[in-house]
Structure formats: C-alpha cells, structure tokens
Undergrad: 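Structure incoming, see below.
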Amino acid sequence: MTTGPSPIIVLFRNDLRISDNRALSSAVEAGKAVVPLFILDESQKGSRPAGAANRWWLHHSLLALANALEKLDSKLVLRQGSTDEIVAETVRSTGADAVFWNRRYSPPDIAADTVLKSTLRADGLKAESFDGFLLHEPSQLSTRSGDFYKVFTPFYNRLAEIEPRDPIDAPSRIAAWNGTLPSQKLDDLRLLPRNPDWSSGLGERWHPGEAGAKDRLAQFLEDRLDSYTEDRNVPGIEGTSGLSPHLARGEISPFQIMAALRRRRGKGVETFRKEIGWREFSYHLLFNRPNLHSENFRPEFNSFKWRSAQSALKAWQSGRTGYPIVDAGMRELWQTGWMHNRVRMIAASFMVKDLLLDWRDGEKWFWDTLVDADAANNPASWQWVAGSGADAAPYFRIFNPVLQGEKFDPEGTYVRRYVPELARLPNRYVHRPFEAPAALLAECGVTLGENYPLPLVDHAVARERALEIYKRRGS
C-alpha cells in the first residue's frame with residue numbers, strides 16, 4: 001500500500017555498493033524516502049544469463065549490500081522477473097514519482113534502459129541515469145574522423161585527457177519508505193550451486209561485497225603496487241590486484257580506484273592505470289560491436305576453419321592437456337573461479353592456436369567459470385588472442401607453453417600448487433615432464449598417460465600447422 005510522501009526507487013544492477021553510487025546519493029540528496037530495488041531479470045532480450053561462478057558471486061554480493069543498507073536504516077527489496085513489470089508494480093505500490101539507476105553499457109542493457117526511461121517519463125515520472133561503471137561514455141568518445149577507436153594506444157591517450165571526477169562518499173543515512181513491499185528471500189533466487197556444491201574453493205579465496213573490494217584495494221596499494229609492473233606476470237605469487245570481480249559487480253568504481261592512484265607515485269601506477277584503460281577499451285568495443293562475444297571483429301575470420309574436437313576441448317577445460325602451465329591455469333579456474341592473467345593468455349593461445357579450437361568455445365567456458373566474467377573484457381580478450389579482434393595479437397604470436405612456464409614460473413611454484421602430481425619433479429622438468437627420464441618420473445611418482453597426461457599435441461608441430469592455416473585465412 002502507498003504510505004506517506006512519494007519515494008524514489010533506486011535500481012541496483014552492476015553497482016552493488018553504497019559509496020560512489022550516484023543514483024543512490026542523488027536520491028538521498030533529494031530529501032525523499034528511498035526504495036532500493038534489485039531485480040534478477042533473466043528475460044531481457046539479447047542479454048546473456050550470468051555464468052555459474054558469477055551467480056555465486058552475485059549471491060554473496062547481494063547479501064553484503066543488504067547488510068550495508070540495513071546499517072543505514074534501509075532495506076533492499078529483491079525480486080525476480082521482468083524489470084519493466086516489477087518497476088511498474090513497485091511504482092504503483094509505493095506511489096514513487098522517480099526512478100534512478102546507474103548506467104549499464106552492454107547493448108541489450110542500453111536498449112532495455114532506454115525503453116524503461118521513455119516509458120517512465122511518458123507516465124509522468126522522473127527517470128534519471130548516472131555514471132559510475134566506466135570512466136568514459138562510449139557514445140561520446142570518437143576519433144577525429146568520427147569513428148570509434150579500434151587501437152588501444154590512441155584510445156588510451158584520448159582517455160587520459162579526461163580527468164576522472166572525484167568519487168562520492170557514502171550517505172550516512174537513507175530515509176526508509178514507511179510501507180511494505182513484497183520481497184523474495186535471497187535463497188529464492190537460486191544463485192548458489194546445488195547438487196553438487198562446487199563453490200568451497202571460491203569461498204576460501206574471495207570475499208564478495210563492497211567491504212571486500214575496499215580491503216583488496218587497500219592491500220594492493222600497500223603491498224603490491226610498487227612491484228606490480230614485474231610481479232603481475234608471475235602466477236606463483238600474489239602480484240595482481242584481484243579487483244576484477246569486484247569491478248564486474250560494481251562493488252567498487254573505477255573513479256574510486258583512479259582517485260586512490262592519484263595519491264601514489266612509481267611505474268606500477270601507470271601500469272595499473274593502463275589495465276583500467278583496457279577495461280574501458282573493451283567496453284568501447286562492445287558498445288560499437290554488440291555481438292562481440294559471438295561474431296568475429298575482423299570479418300576475414302568468418303571463413304576460418306576451426307577444428308571440431310570435443311575430446312580436446314574437454315581435456316583443455318579439465319586441465320589435462322599435458323602442458324603443466326596450461327593445466328595449472330585451468331585447474332586454478334575450476335577451483336577458485338579465477339585465473340592469473342598471464343596464464344589466461346597462455347591457456348587461451350594454446351586452445352586457439354595449438355588445438356585450433358574456436359575462440360567462442362573458450363569464451364563460453366570462461367563466461368561460466370570466472371567470478372570476474374565480464375560482457376566486454378571476456379570476448380575482447382579472447383578475440384585479441386585469436387587474432388580476430390581489434391588491436392589483436394598478430395597471428396604469428398603463438399605462446400610456447402613450456403617456455404612461458406619456465407619464464408614466469410621458474411621454480412614451478414604455481415604448477416606444483418595446482419598440478420600436485422608433478423610436485424616432486426625438479427625445476428628442470430616441472431614444465432616439460434614429457435622430456436624427463438623414465439627413471440626420474442618413476443622416482444617422482446609420475447606415470448605419463450596415467451596420473452598425468454601425455455601432451456595433446458607437439459607444440460612445435462601445432463605451431464607450424466597454425467601458422468599455415470592462419471596465413472590462408474579468408475582464402
């Protein structure tokens with residue numbers, strides 16, 4: 001039932017935080033009661049349902065958001081269904097005269113929000129959207145010729161000319177609407193895995209929510225930023241920020257990160273800024289190429305002859321390729337919902353170029369298993385590796401999984417952590433067990449083809465095959 005003055009409805013989507021949330025702060029500053037509303041809408045035309053790992057993260061992020069709102073005397077309303085229908089129903093139930101939200105940037109989301117805004121305004125309501133997910137508006141950044149950027153460096157140089165706004169502090173209190181609304185229980189959304197529950201490794205590694213994001217940023221700035229330029233490539237240590245899943249769900253904004261970096265000096269600062277820039281570039285591409293996850297950015301790849309080999313794909317997915325650095329990465333992904341970025345490139349290169357499997361199959365697997373699965377970063381990165389994307393790696397850049405492992409995991413720390421059957425091998429052979437003497441393998445408890453697989457392919461042979469096929473692409 002409608003009770004008291006008209007409140008403002010604030011929609012939460014990929015912005016599950018209280019601080020630097022312009023939609024929420026604007027509603028609070030209006031001096032009205034606020035109805036925080038999250039809608040799990042899996043019916044939106046053209047949108048991709050969240051993958052399993054991302055759903056696990058969403059559950060815990062919503063729990064953290066609900067607790068944070070409660071401390072400010074507010075209550076998060078949870079609903080599942082059509083956004084248009086639930087918003088209309090909530091407007092009728094509360095007598096709300098305004099609906100605020102922060103902008104989303106995937107094309108299906110933009111289309112849905114454009115219709116919602118038009119409908120609300122036609123009904124006489126105030127409907128406003130705000131920034132917060134990206135540093136730039138993709139619709140307003142273009143080259144001198146009026147086209148969108150397809151190369152990272154000029155895009156980043158242009159982005160660097162735009163001074164990011166300062167982040168906004170969290171409100172100290174949120175006026176609650178004096179009424180009751182139907183709200184589902186979080187468990188009713190069925191976001192967590194069941195039968196079996198495979199998420200224990202995710203819970204051990206991650207702490208979803210705004211507080212977890214702030215803690216991770218603080219730890220990164222204090223302990224790892226100065227050495228970030230070198231250490232970010234070493235998978236055996238904690239050398240990266242680990243902020244990507246928090247950014248994906250909007251538990252922290254890029255404005256908050258950039259503000260924190262302004263107070264720092266050193267080469268790690270610029271390196272990390274560029275990583276934020278790559279995220280922005282990926283969304284710039286997605287905005288202009290809506291089907292980035294399913295269509296080649298470069299049309300000459302449309303006739304590329306990918307292999308159809310389900311057994312090879314499953315071996316890659318399960319970390320049973322016979323190349324330790326690849327297998328370690330794929331097992332880290334399965335256990336923790338995350339994979340070190342350097343290893344992502346190695347594993348993706350192996351799947352696409354050594355195995356000649358369609359990059360879209362790898363993108364789908366990452367979409368389902370990564371806690372930081374992102375509508376722009378995920379496909380843009382896969383197309384970069386495959387050579388079919390914007391500013392892509394040249395076709396002849398094919399990572400050697402053995403040399404990459406020896407360069408970035410020289411002591412085998414990472415491999416031994418996730419491929420324990422190789423733990424007793426000496427450093428010389430931990431990345432090339434197929435070259436180890438039979439007596440040494442037996443001494444270390446390794447039986448190739450049984451407790452650890454033989455290589456799916458000979459990399460040298462696979463490389464030459466890939467080079468030949470890539471040279472003929474489009475012919």
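For this chain, numbers begin at 1 and follow the sequence in order.
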Undergrad: Side chain of Arg307, backbone of Ala309: donor and acceptor closer than 3.5 Å?
TA: no
Undergrad: Could you check whether any side-chain heavy atom of Leu16 comes within less than 4.5 Å of a side-chain heavy atom of Glu210, counting everything from C-beta outward?
TA: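 SC-SC contact between Leu16 and Glu210 ruled out.
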Undergrad: Do Val385 and Trp359 have side-chain heavy atoms sitting under 4.5 Å apart?
TA: no
Undergrad: Within 45 degrees of the axis of the six-membered ring of Trp367 and under 6.0 Å from its centre: does Arg48 put its NZ or CZ there?
TA: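 Verdict for Trp367: a cation-pi partner in Arg48.
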Undergrad: Are any non-hydrogen side-chain atoms of Lys32 and Pro5 less than 4.5 angstrom apart?
TA: no
Undergrad: Go through the steps for Thr321 and Phe350 under the test side chain to side chain contact (heavy atoms under 4.5 Å, CB included), then give the verdict.
TA: CA-CA 9 Å; Thr321 69; Phe350 183 83; 3.8 Å; yes
Undergrad: With ring centroids as reference points, do Trp57 and His207 lie under 6.0 angstrom apart?
TA: no
Undergrad: Do Met330 and Met339 have side chains that get closer than 4.5 Å, going by heavy atoms?
TA: yes
Undergrad: Hey, mind stepping through Arg22 and Asp131 against salt bridge (Lys or Arg N to Asp or Glu O under 4.0 Å) and telling me if it holds?
TA: CA-CA 7 Å; Arg22 291 190 64 206; Asp131 68 8; 3.2 Å; yes
Undergrad: Are side-chain heavy atoms of Phe155 and Thr143 found at a separation under 4.5 Å?
TA: no
Undergrad: Centroid separation under 6.0 Å, is that true for the rings of Tyr283 and Phe287?
TA: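 No, ring centres 6.0 Å or more apart.
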Undergrad: So for atom NZ, which belongs to Lys117, do other residues, nucleotides or ligands contribute more than 12 heavy atoms lying within a distance under 6.0 Å?
TA: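 Atom NZ in Lys117 is packed in, count exceeds 12.
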Undergrad: Write out all pairs satisfying ring pair (Phe, Tyr, Trp, His ring centres under 6.0 Å) with one or both partners inside residues 65-88, taking only residues at least two apart or from two chains.
TA: none
Undergrad: Can you measure from CG (Asp409) to NE2 (His340) and round to the nearest 0.5 angstrom?
TA: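 That separation rounds to 10.0 Å.
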Undergrad: Drop me the distance from Met258's CE to Phe272's CZ, to the nearest 0.5 angstrom.
TA: 9.5 Å
Undergrad: State whether a side-chain donor-acceptor pair under 3.5 Å links Asp147 with Ser145.
TA: no
Undergrad: Do Thr119 and Leu125 come within less than 4.5 Å of each other through their side chains, counting heavy atoms only?
TA: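 Not touching, per the 4.5 Å side-chain cut-off.
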Undergrad: In Å, rounded to the nearest 0.5 Å, how long is the span from CD of Gln184 to CG of Leu78?
TA: 7.5 Å
Undergrad: Can you find a side-chain donor-acceptor pair between Ser26 and Glu128 that sits under 3.5 Å?
TA: no
Undergrad: Do Pro254 and Leu247 have side-chain heavy atoms sitting under 4.5 Å apart?
TA: yes
Undergrad: Between Asp41 and Ser43, do the side chains contain an N or O donor and an N or O acceptor separated by less than 3.5 Å?
TA: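 The criterion, which ignores hydrogens and geometry beyond distance, is satisfied for Ser43 and Asp41.
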Undergrad: Hey, which of Arg249, Arg104, Arg103 is the one that makes side chain to side chain donor-acceptor pair (under 3.5 Å) with Asn14?
TA: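 Single pass found, and it is Arg249.
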Undergrad: Do Gln80 and Arg190 pair up side chain to side chain, a donor and an acceptor below 3.5 Å, judged on atom types alone?
TA: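 No, no side-chain donor-acceptor pair sits under 3.5 Å.
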Undergrad: Report yes if some heavy atom in the side chain of Ile39 is under 4.5 Å from a heavy atom in the side chain of Phe12; otherwise report no.
TA: no
Undergrad: In this structure, which one of Phe297, Trp365, Phe366 forms a ring pair (Phe, Tyr, Trp, His ring centres under 6.0 Å) with Trp382?
TA: Phe366
Undergrad: Return the orientation label for the Phe133 and Tyr105 ring planes: parallel under 30°, perpendicular over 60°, tilted otherwise.
TA: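 The arrangement is parallel - the two ring planes meet at less than 30°.
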Undergrad: Can you confirm if the NZ or CZ of Lys150 lies within 45° of the ring axis of Phe148 and under 6.0 Å from the centre of its six-membered ring?
TA: yes
Undergrad: State the CG-CD1 distance between Leu72 and Ile174, to the nearest 0.5 angstrom.
TA: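 Between atom CG of Leu72 and atom CD1 of Ile174 there are 4.5 Å.
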Undergrad: Go through the structure and list residues passing side-chain contact (heavy atoms from CB on, under 4.5 Å) with Asn377, not counting sequence neighbours.
TA: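 Only Arg279, Ser282, Asp374 meet the side-chain contact (heavy atoms from CB on, under 4.5 Å) criterion with Asn377.
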Undergrad: Look at the rings of Phe304 and Trp306 and say which category their plane angle falls in: under 30° parallel, 30 to 60° tilted, over 60° perpendicular.
TA: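 Answer is tilted, since the angle falls between 30° and 60°.
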Undergrad: Would His136 and His284 count as a side chain to side chain contact (heavy atoms under 4.5 Å, CB included) if you check the C-alpha gap in whole Å, the side-chain angles of each, and the deciding distance to 0.1 Å?
TA: CA-CA 9 Å; His136 82 295; His284 186 77; 3.7 Å; yes
Undergrad: Using the rule side-chain contact (heavy atoms from CB on, under 4.5 Å), only one of Thr229, Leu225, Asp223, Asp231 pairs with Ser227; which is it?
TA: Asp231
Undergrad: Can a side-chain donor-acceptor contact be found between Asn21 and Asn102 if the only test is distance below 3.5 angstrom?
TA: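 The criterion, which ignores hydrogens and geometry beyond distance, is satisfied for Asn21 and Asn102.
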Undergrad: Evaluate the criterion ring-ring contact (aromatic ring centres under 6.0 Å, His included) for residue pair Trp101 and Phe130; output intermediate values, then yes/no.
TA: CA-CA 6 Å; Trp101 63 81; Phe130 303 86; 8.9 Å; no
Undergrad: Would you call the rings of Tyr228 and Phe220 parallel, tilted or perpendicular if under 30° counts as parallel and over 60° as perpendicular?
TA: perpendicular
Undergrad: Which value, rounded to the nearest 0.5 Å, describes the distance between Arg79 atom CZ and Asp188 atom CG?
TA: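 If I round to the nearest 0.5 Å, the distance is 11.5 Å.
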Undergrad: Does the salt bridge (Lys or Arg N to Asp or Glu O under 4.0 Å) test come out yes or no for Arg92 and Glu89, once each step is laid out?
TA: CA-CA 5 Å; Arg92 289 192 299 269; Glu89 175 189 322; 5.3 Å; no
Undergrad: Should the pair Arg165 and Phe255 be classed as cation-pi, given the thresholds of under 6.0 Å to the six-membered ring centre and 45° from the axis?
TA: yes
Undergrad: Applying side chain to side chain donor-acceptor pair (under 3.5 Å) between Asn378 and each of Gln383, His293, Glu363, report the one that passes.
TA: Glu363
Undergrad: Please determine which of Asp109, Thr83, Asp113 meets the side chain to side chain donor-acceptor pair (under 3.5 Å) test together with Arg13.
TA: Asp113
Undergrad: Before giving the answer on side chain to side chain contact (heavy atoms under 4.5 Å, CB included), spell out for Gln317 and Trp334 the whole-Å C-alpha distance, their side-chain angles and the decisive distance to 0.1 Å.
TA: CA-CA 9 Å; Gln317 290 172 338; Trp334 184 252; over 6 Å; no
Undergrad: Does Gly209 offer a backbone N or O that forms a donor-acceptor pair with the side chain of Glu251 under 3.5 Å?
TA: yes
